[in-house]
Number of protein chains: 2
Amino acid sequence: MSQDQFETLLRFFKVLGNESRLKILGLLANDERSVGELAVLLDLREPTISHHLAAMKELGLVDVRAEGNNRIYWLNSQFLEGMSKDMFSQSNLATLVDDEETSTAWEDKVLRVYMDGNRIKQIPSKRKKERVILQWLADQFEMDRQYYELDLNEIIKQFHPDAAYWRRALVVEQFMARDNHNMYWRLPQSDV
Amino acid sequence: MSQDQFETLLRFFKVLGNESRLKILGLLANDERSVGELAVLLDLREPTISHHLAAMKELGLVDVRAEGNNRIYWLNSQFLEGMSKDMFSQSNLATLVDDEETSTAWEDKVLRVYMDGNRIKQIPSKRKKERVILQWLADQFEMDRQYYELDLNEIIKQFHPDAAYWRRALVVEQFMARDNHNMYWRLPQSDV
DNA sequence: CTTTTATTTAGATATATATCTAAATAGAAG
DNA sequence: CTTCTATTTAGATATATATCTAAATAAAAG
């Protein structure tokens, strides 16, 4: 769903999310009406009705014709049908927000909070957050390369004093693997 | 459609007619989320998100469960389906407003504007309005009774000096009938 | 052509509400 | 039991918007 469609849907809800306009919709569903008639029926001034009708017209919800001095408004029922059809299917809603744009925001914040430049300020108590730090930490090592445990520790110590903790965490959370000769290497991330 | 249903529909539109809440809806359509996650994704403070989620929860649009300190919100997709199904059919919308309640408002206003107590202040130039006054005028005469033209004129003169004008109008607009002996009587109104 | 009527436009005001900060609450971790 | 973390509640503020009055417009009626 495009940004444009999002805006349209939002405006649709905004327009109908008003008592007076929703009543107007109900009245026009019964019969076409002039501005003055609607003003009397809703007990509001003509400019107010005019203002509401303009918003509904802009959206395409109603149409107008002139009859002498009167302007007769009626419902564009096609529009409503098109709007309701499958606007609300899960798959349609799922694309309402562009997840590409926002998906790294959470991780970025975790990094900002727990990192100070290249130093890990603190070990997150939540696994989910820790995994964000672990991903960053793993990225400090080259892919397709073997590291001795001693070298691994040295590198980690640049970022945080408790190298043993992070070394084990990297393995437990499967960012890295080790063989029985104390050699370590990065594992590809499955992304889920 | 009951008043209660109107309120529900109105709240539905109000809740979704907000940029932040519509985005939340889109995000939850993809996956369940905690308050904090949503706050980061939308770049808003937790209390703001909490406030929006409360509104969505109240409506029945989302559900929550606690996971430790986190509150995980997810979409009640059944609710959406039920909402969209035939909520927008013309016949459903047509009952949004109670027309019984409002149908006499227009006539009442015309009477207020053109009448001063029992005096007709002015002859409306529009036929539609004139018919409202004529209905009132006809109601000043008894049903199933014959009036001489002279008596008719006398009665009308209590309300407006131009009795001849109103006498003719009553006949033309078929609120009353006359025979060829200058006798007048009321006609039943067909209501359409 | 002047007046009346219906509507729209412009501008002012009041109400609603989206958002924030600060404080309260409640569960988790140590 | 104390501290930390996520969330909610309370209250303040700023923005959005619903409504009104007054003035402008345009068609109809006289």
Side-chain angles (χ1 to χ4, degrees), chain A residues 10-11 13-24 32-59 62 64-73 106 109-110 113-114 121-130 165, chain B residues 10-11 13-24 32-59 62 64-73 106 109-110 113-114 121-130 132 162 165:
Chain A
L10 178 59
R11 194 128 56 93
F13 286 128
K14 271 182 196 276
V15 165
L16 264 51
N18 169 274
E19 183 171 349
S20 299
R21 284 192 294 264
L22 193 56
K23 282 182 180 170
I24 290 175
E32 55 182 33
R33 299 279 189 179
S34 71
V35 175
E37 283 173 331
L38 290 170
V40 172
L41 288 167
L42 296 191
D43 194 26
L44 292 170
R45 303 286 136 185
E46 280 83 355
T48 305
I49 301 293
S50 187
H51 164 250
H52 286 316
L53 286 170
M56 296 171 84
K57 178 93 176 33
E58 165 104 13
L59 186 66
V62 299
V64 214
R65 71 170 183 278
E67 255 184 32
N69 267 334
N70 304 286
R71 301 219 162 202
I72 313 292
Y73 285 83
W106 161 257
K109 184 186 171 190
V110 172
V113 168
Y114 288 92
K121 287 194 287 191
Q122 192 196 147
I123 300 177
S125 62
K126 293 286 173 180
R127 182 181 172 215
K128 202 169 161 192
K129 291 180 179 176
E130 192 190 49
Y165 173 85
Chain B
L10 178 59
R11 196 127 56 93
F13 286 128
K14 271 182 194 279
V15 165
L16 263 51
N18 169 273
E19 183 171 349
S20 298
R21 284 192 293 265
L22 193 56
K23 281 182 180 171
I24 290 175
E32 55 182 33
R33 297 281 190 178
S34 70
V35 176
E37 284 174 330
L38 290 171
V40 172
L41 289 166
L42 296 191
D43 195 25
L44 291 170
R45 302 289 139 186
E46 280 83 355
T48 305
I49 300 295
S50 187
H51 164 250
H52 286 315
L53 286 171
M56 296 171 84
K57 177 93 177 33
E58 165 105 12
L59 186 67
V62 299
V64 215
R65 70 170 183 278
E67 256 186 28
N69 268 333
N70 303 287
R71 303 220 161 200
I72 313 292
Y73 285 83
W106 161 257
K109 184 187 172 187
V110 172
V113 168
Y114 287 93
K121 287 195 286 193
Q122 194 196 147
I123 300 176
S125 63
K126 293 287 172 177
R127 182 181 172 218
K128 200 169 161 191
K129 292 179 178 177
E130 192 191 52
V132 176
D162 194 348
Y165 173 84

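Values reported hereafter were calculated over all heavy atoms of this structure, with side chains retained and with hydrogens, waters and symmetry mates removed. Quick note on labels: first sequence line is chain A, next is B, and so on, each numbered from 1.
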Practice task
May I ask you to say what B:His52 touches in the nucleic acid, namely base, sugar-phosphate or nothing, with a heavy-atom cut-off under 4.0 Å?
Solution key: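 B:His52: backbone/sugar contact only, no base atoms under 4.0 Å.
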Exercise for the section: Just compare C:dT8, D:dT7, C:dT17 and give me whichever is closest to any side-chain atom of B:Ser34. Expected result: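 In terms of side-chain proximity for B:Ser34, the closest of C:dT8, D:dT7, C:dT17 is D:dT7.
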Practice task
Go through C:dC20, D:dA18, D:dT8 for me and flag the one nearest to the B:Arg45 side chain.
Solution key: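 Of C:dC20, D:dA18, D:dT8, C:dC20 is nearest to the side chain of B:Arg45.
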Should [X] be listed as having a side-chain N or O under 4.0 Å from OP1 or OP2 of [N]?
{"X": "B:Ser20", "N": "C:dA18", "value": "no"}
{"X": "A:Arg21", "N": "D:dA18", "value": "yes"}
{"X": "A:Asn18", "N": "D:dT17", "value": "no"}
{"X": "B:Asn70", "N": "D:dT5", "value": "no"}
{"X": "B:Thr48", "N": "C:dC20", "value": "yes"}

Distance, nearest 0.5 Å, that separates [atom1] of [X] from [atom2] of [Y]:
{"X": "A:Arg71", "Y": "A:Glu46", "atom1": "CZ", "atom2": "CD", "result": "14.0 Å"}
{"X": "B:Lys57", "Y": "B:Leu59", "atom1": "NZ", "atom2": "CG", "result": "11.0 Å"}
{"X": "A:Arg45", "Y": "A:Thr48", "atom1": "CZ", "atom2": "OG1", "result": "8.5 Å"}

Completion exercise
Its dot-bracket string being built from Watson-Crick and G-U pairs below 3.5 Å, with | for another strand and [ ] for crossing, DNA chain C has the pattern ||||||||||||||||||||||||||||||
Rounding to a whole Å, what distance do you find between [X]:[atom1] and [N]:[atom2]?
{"X": "B:Glu19", "N": "C:dT17", "atom1": "CD", "atom2": "P", "value": "17 Å"}
{"X": "B:His51", "N": "C:dA18", "atom1": "NE2", "atom2": "P", "value": "6 Å"}
{"X": "B:Glu67", "N": "D:dT7", "atom1": "CD", "atom2": "P", "value": "11 Å"}
{"X": "A:Met56", "N": "C:dT7", "atom1": "CE", "atom2": "P", "value": "16 Å"}
{"X": "A:Lys14", "N": "D:dT15", "atom1": "NZ", "atom2": "P", "value": "15 Å"}
{"X": "A:Leu53", "N": "D:dA18", "atom1": "CG", "atom2": "C1'", "value": "14 Å"}
{"X": "B:Tyr73", "N": "D:dT7", "atom1": "OH", "atom2": "P", "value": "9 Å"}
{"X": "B:Leu44", "N": "C:dA18", "atom1": "CG", "atom2": "C1'", "value": "9 Å"}

Handout entry: Heavy-atom donor-acceptor pair, B:Arg33 side chain to B:Leu38 backbone, under 3.5 Å
Key =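 Such a contact is absent between B:Arg33 side chain and B:Leu38 backbone.
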Problem - A:Lys14 backbone acceptor or donor facing A:Arg21 side chain under 3.5 Å - result: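 Yes; judged by distance alone, with no hydrogens or angles, the pair exists.
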Handout entry: Closest-nucleotide ordering on DNA chain D, the 5'-leading residue of A:Glu46 and B:Ile72
Key = B:Ile72
Problem - 5' priority, DNA chain D, between B:Ala54 and A:Asn69 [closest heavy atom] - result: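 Nearest nucleotide further toward 5': that of B:Ala54.
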Quick one: closest heavy-atom pair of [X] and [Y], and the distance?
{"X": "A:Ala55", "Y": "A:Val15", "value": "O-CG2, 4.2 Å"}
{"X": "B:Ser34", "Y": "B:Ile72", "value": "CB-CD1, 4.1 Å"}
{"X": "A:Glu19", "Y": "B:Leu10", "value": "N-CD1, 3.6 Å"}

Practice task
Would you kindly compare A:Pro47 and B:Gly17 by the position of their nearest DNA chain C nucleotide and give the one closer to the 5′ end?
Solution key: A:Pro47
